[in-house]
Amino acid sequence: VQLQASGGGLVQAGGSLRLSCAGSLRLFSVYPMGWFRQAPGKEREFVAVVASNGNSTYYKGSVKGRFTISRDNAKNTMYLQMNSLKPEDTAVYYCAQYRATMISTYDYTRALRYRYWGQGTQVTVSS
């Protein structure tokens, strides 16, 4: 297993969860890492991405201000702190490694630009 996502669960609207993505990838700290999510019957969508050194982050508009992506390269782990959760945040959340060492603002939302996907963790937000 190269990427392991965890931390999902059932939470009421307005609540919080913190997802983790532990990597056993060689050169984990060299590449940006991202979170995607997929709700039933919908396509997988971009949520957030963090640069290799953690200094740059980008978010899907609807989660900006509520979610925070971060990473600890010493632990080969990435996080997604989710606050003020809404029922529409319900989905399986996946972590993945970006293919290039630098984030391109042209394609960081595209799933095809990521590799080494984790198995996903379910987040369910009840109203």
Side-chain angles (χ1 to χ4, degrees):
V1 176
Q2 293 182 309
L3 289 173
Q4 183 83 26
S6 62
L10 173 63
V11 64
Q12 288 188 332
S16 298
L17 284 173
R18 188 173 86 151
L19 306 184
S20 297
C21 176
S24 58
L25 301 168
R26 191 172 67 91
L27 303 179
F28 177 91
S29 63
V30 173
Y31 293 91
M33 295 290 297
W35 287 99
F36 282 72
R37 66 187 183 187
Q38 187 167 19
K42 295 187 177 182
E43 292 187 355
R44 190 169 299 191
E45 65 176 7
F46 168 80
V47 175
V49 63
V50 59
S52 58
N53 61 7
N55 286 349
S56 296
T57 57
Y58 298 91
Y59 295 92
K60 175 181 173 62
S62 62
V63 308
K64 199 173 296 184
R66 300 188 297 122
F67 291 10
T68 302
I69 189 172
S70 62
R71 64 191 297 163
D72 184 342
N73 288 334
K75 297 181 179 179
N76 273 18
T77 303
M78 174 181 64
Y79 305 97
L80 185 68
Q81 178 66 43
M82 306 186 294
N83 299 328
S84 302
L85 282 162
K86 304 176 180 180
E88 51 264 43
D89 295 319
T90 295
V92 177
Y93 283 70
Y94 299 89
C95 57
Q97 185 184 66
Y98 191 68
R99 290 183 182 271
T101 56
M102 298 292 290
I103 297 173
S104 168
T105 55
Y106 293 104
D107 67 10
Y108 66 82
T109 64
R110 297 176 59 191
L112 288 176
R113 292 295 294 152
Y114 294 78
R115 60 183 178 183
Y116 304 133
W117 293 80
Q119 88 288 2
T121 184
Q122 176 71 48
V123 171
T124 303
V125 184
S126 63
S127 57

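This structure is a prediction, so every number in the text was calculated from the model and none was measured. Values below: every heavy atom of this structure, side chains too, minus hydrogens, waters and symmetry copies.
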Study note, to complete from the structure: All heavy atoms of G15 vs all of V11, minimum pair found to be CA-CG2, 3.8 Å
Check your understanding: What heavy-atom pair brings Y59 and I69 nearest, and what distance separates the two atoms?
Key -> OH-N, 2.9 Å
Practice item. Not counting sequence neighbours, which residues clear side chain to side chain donor-acceptor pair (under 3.5 Å) with T124? List them please. Key: Q122
**Study point:** Nearest atoms (heavy-atom pairs only) where F28 meets R71
**Key:** O-NH2, 2.9 Å
Exercise for review: Look up atom OH in Y116 and atom CZ in R99, then write down how far apart they are to the nearest 0.5 Å.
Suggested key: 8.5 Å
Check your understanding: At their closest point, which heavy atom of S84 faces which heavy atom of S16, and how far apart are they?
Key -> N-OG, 4.4 Å
Point to revise | Residue pairs fulfilling salt bridge (charged side-chain N to carboxylate O under 4.0 Å, His left out) with at least one residue in residues 101-122, sequence neighbours excluded | key: D107-R113
Study note, to complete from the structure: Note: A13 and S127 closest approach over all heavy atoms is CB-CA, 4.4 Å
Check your understanding: Between V63 and F36, is there a shared hydrophobic cluster once you connect ILVMFWY residues whose side-chain heavy atoms come closer than 4.5 Å?
Key -> no
Check your understanding: Is Y58 linked to Y31 within one hydrophobic cluster, defined over Ile, Leu, Val, Met, Phe, Trp and Tyr using a side-chain heavy-atom separation of less than 4.5 Å?
Key -> no
Exercise for review: Sequence neighbours left out, what pairs pass disulfide bond (SG atoms under 2.5 Å apart) with at least one residue falling in residues 17-68?
Suggested key: C21-C95
**Study point:** Point-to-point distance, once rounded to the nearest 0.5 Å, from CG of D72 to CE of M78
**Key:** 12.5 Å
Revision key, fill the gap. For residues 3-15, the salt bridge (charged side-chain N to carboxylate O under 4.0 Å, His left out) pairs (sequence neighbours left out) are none
Practice item. Look only at the side chain of Q38 and the backbone of A91, and say whether a donor-acceptor pair between them is shorter than 3.5 Å. Key: no
Practice item. Examine L19 and W117 and state if one hydrophobic cluster contains both, with Ile, Leu, Val, Met, Phe, Trp and Tyr joined whenever side-chain heavy atoms are less than 4.5 Å apart. Key: no
**Study point:** ring-ring contact (aromatic ring centres under 6.0 Å, His included) contacts touching residues 67-106 (sequence neighbours left out)
**Key:** Y98-Y114
Exercise for review: Give the minimum heavy-atom separation between L3 and M33, together with the two atoms involved.
Suggested key: CD2-CE, 3.8 Å
**Study point:** Point-to-point distance, once rounded to the nearest 0.5 Å, from CZ of R18 to CG of N83
**Key:** 11.5 Å
Sequence neighbours left out, cut at 3.5 Å: what donor-acceptor pairs do the side chains of residues 43-54 make with other protein atoms?
unit_1, atom_1, unit_2, atom_2, d
E45, OE1, K60, NZ, 3.3
E45, OE2, R37, NE, 2.6
E45, OE2, R37, NH2, 3.2
N53, OD1, N55, N, 2.9

Exercise for review: Measure the spacing between OG1 of T90 and CG of L10 and express it to the nearest 0.5 Å.
Suggested key: 8.5 Å
**Study point:** Steps toward side-chain contact (heavy atoms from CB on, under 4.5 Å) verdict (R66, M82)
**Key:** CA-CA 6 Å; R66 300 188 297 122; M82 306 186 294; over 6 Å; no
